[in-house]
There are 2 protein chains.
Amino acid sequence: MTRPAEADEPASEAAAQSVGYALSQLGFETSRRFADLEATVALEPREFALLRAVAERQGQSQQAVAEHLRIPTSTMVAVVDGLEEQGLIERRLHASDRRTRTLHLTSKGSKILAKAVSLAWGFEREVCAGFDESERSRLLGLLGRVADNIGLDLDALPDRGSGRRRPHA
Amino acid sequence: MTRPAEADEPASEAAAQSVGYALSQLGFETSRRFADLEATVALEPREFALLRAVAERQGQSQQAVAEHLRIPTSTMVAVVDGLEEQGLIERRLHASDRRTRTLHLTSKGSKILAKAVSLAWGFEREVCAGFDESERSRLLGLLGRVADNIGLDLDALPDRGSGRRRPHA
DNA sequence: TATTGTTATACTCTATAACTATA
DNA sequence: TATAGTTATAGAGTATAACAATA
């Protein structure tokens with residue numbers, strides 16, 4: 001970036017011209033929209049994430065999935081409870097270790113997950129409406145460079161620090 | 001975008017190739033980094049926003065600023081209390097209406113704001129490291145189109161719904 | 001003694017609504 | 001009666017740590 005770096009540049013003009021601000025706003029809004037969309041199939045984002053994690057390799061222990069998702073086990077219990085009540089996953093006893101519970105997708109859970117994934121792709125199409133393939137990959141490339149700049153691994157699972165974060169403004 | 005839209009595309013591969021996911025992750029992370037950075041001058045993001053709003057036109061009523069920032073007046077009180085305790089702004093009595101308090105930046109507040117703005121620009125340079133001017137404006141242009149696609153006005157102040165939002169994953 | 005999962009609890013953040021003092 | 005600001009309160013969400021069963 002070549003933009004001037006005067007410290008006393010009018011703060012009010014910074015917003016529209018700032019990549020950081022734009023990313024913050026877009027991230028907040030896309031998360032919100034995505035959550036609203038998944039609510040259509042009665043899933044919260046983290047429930048969606050959990051379903052995907054379980055689908056990826058069924059029979060994982062509850063703790064293994066919790067670590068994968070980087071949520072504390074106490075939270076994990078509540079999320080699993082909810083999904084089990086909805087009949088989307090089920091806890092089973094581990095073959096040899098009776099302390100651990102393995103997680104499995106039910107057929108209903110599998111159907112809901114398929115719908116949820118479909119919704120997610122629909123959202124992606126909405127986000128990228130009017131982009132041809134080269135534009136979309138260019139955008140992904142630029143975003144990847146930004147991620148590198150701030151040391152974020154886009155392929156990794158989110159590292160939710162100690163909680164909530166608001167868009168800066 | 002021209003990407004195929006199969007509903008049952010492997011969810012695990014979606015992440016890295018998805019603009020929505022990338023935006024969500026980047027937005028979360030940039031917000032976090034920005035907050036950490038502003039903490040350097042003992043400011044939270046919304047305190048920074050409040051300082052900017054007051055600086056933009058001093059003497060506004062507390063309520064006017066609250067509406068501008070879209071935060072409930074009860075929250076506003078707490079934020080103003082904090083900034084006043086730090087000596088960055090001060091409440092004054094309105095000339096003619098003794099119910100309202102007008103907000104003013106102190107000289108200390110002005111200095112801190114200048115530092116905070118400088119930090120924000122430094123962060124922007126970090127985010128856009130290695131980008132030449134045309135790349136940066138291309139990125140801003142693409143992000144602007146995404147914002148249009150989802151009906152987000154990047155020039156407007158954030159509309160924080162009923163609270164926290166996590167990156168979808 | 002260590003580990004899996006569970007429960008209890010305490011904390012932060014936010015918003016709603018009651019309250020006061022003015023108008 | 002309406003409005004600016006304040007205070008009180010209740011809810012959601014989270015994490016920490018005590019706990020029970022098993023290894």
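Letters A, B, ... mirror the listed sequences (proteins, then strands); counts begin at 1. No experiment lies behind these values; they were computed from the predicted model shown.
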### Summary
Hits for salt bridge (Lys or Arg N to Asp or Glu O under 4.0 Å) against B:Arg33, two or more places apart or cross-chain, chain-then-number order -> B:Glu29
Gap between atoms [atom1] and [atom2], on [X] and [N] respectively (whole Å):
| X | N | atom1 | atom2 | answer |
| --- | --- | --- | --- | --- |
| B:Glu44 | C:dT14 | CD | C1' | 13 Å |
| B:Glu67 | D:dG5 | CD | C1' | 13 Å |
| B:His94 | D:dT3 | NE2 | P | 16 Å |
| B:Arg101 | D:dT3 | CZ | P | 18 Å |
| B:Leu93 | D:dA4 | CG | P | 16 Å |

### Query
Does a sphere of radius 6.0 Å around CZ in A:Arg57 hold more than 12 heavy atoms from other residues, nucleotides or ligands, not counting ones at 6.0 Å or beyond?
no
### Query
Regarding A:Glu90 and A:Thr106, is there a side-chain donor-to-acceptor distance under 3.5 Å anywhere?
no
### Message
Could you work out how much the helix from C:dT1-D:dA23 to C:dA23-D:dT1 bends, comparing the axis of its first five pairs with that of its last five, to 10°?
### Response
30°
Please list, chain by chain and in numerical order, all residues satisfying side-chain contact (heavy atoms from CB on, under 4.5 Å) with [X], sequence neighbours excluded.
| X | value |
| --- | --- |
| B:Leu119 | B:Leu37, B:Glu38, B:Thr40, B:Val41 |
| B:Arg98 | none |
| B:Ser110 | B:Leu105 |

#### Entry: Sugar-phosphate or base contact per nucleotide [nucleotides 17-23 of chain D; S, B, -; heavy atom under 4.0 Å]
B---BBS
### Message
Minimum heavy-atom separation for A:Met76 and A:Gln62, please, with both atom names.
### Response
CE-O, 3.5 Å
### Query
C:dG5 phosphate, OP1 or OP2: any side-chain N/O from A:Gln62 under 4.0 angstrom?
no
### Message
Whether A:Arg91 contacts C:dT4 is assessed here as follows: a side-chain N or O lying under 4.0 Å from the phosphate OP1 or OP2. Is that the case?
### Response
no
### Whether B:Gln60 side chain and B:Ala53 backbone form a donor-acceptor pair below 3.5 Å
yes
### Message
Nearest heavy atom decides the nucleotide; on that basis, is A:Thr75 or B:Ser61 closer to the 5' end of DNA chain D?
### Response
B:Ser61
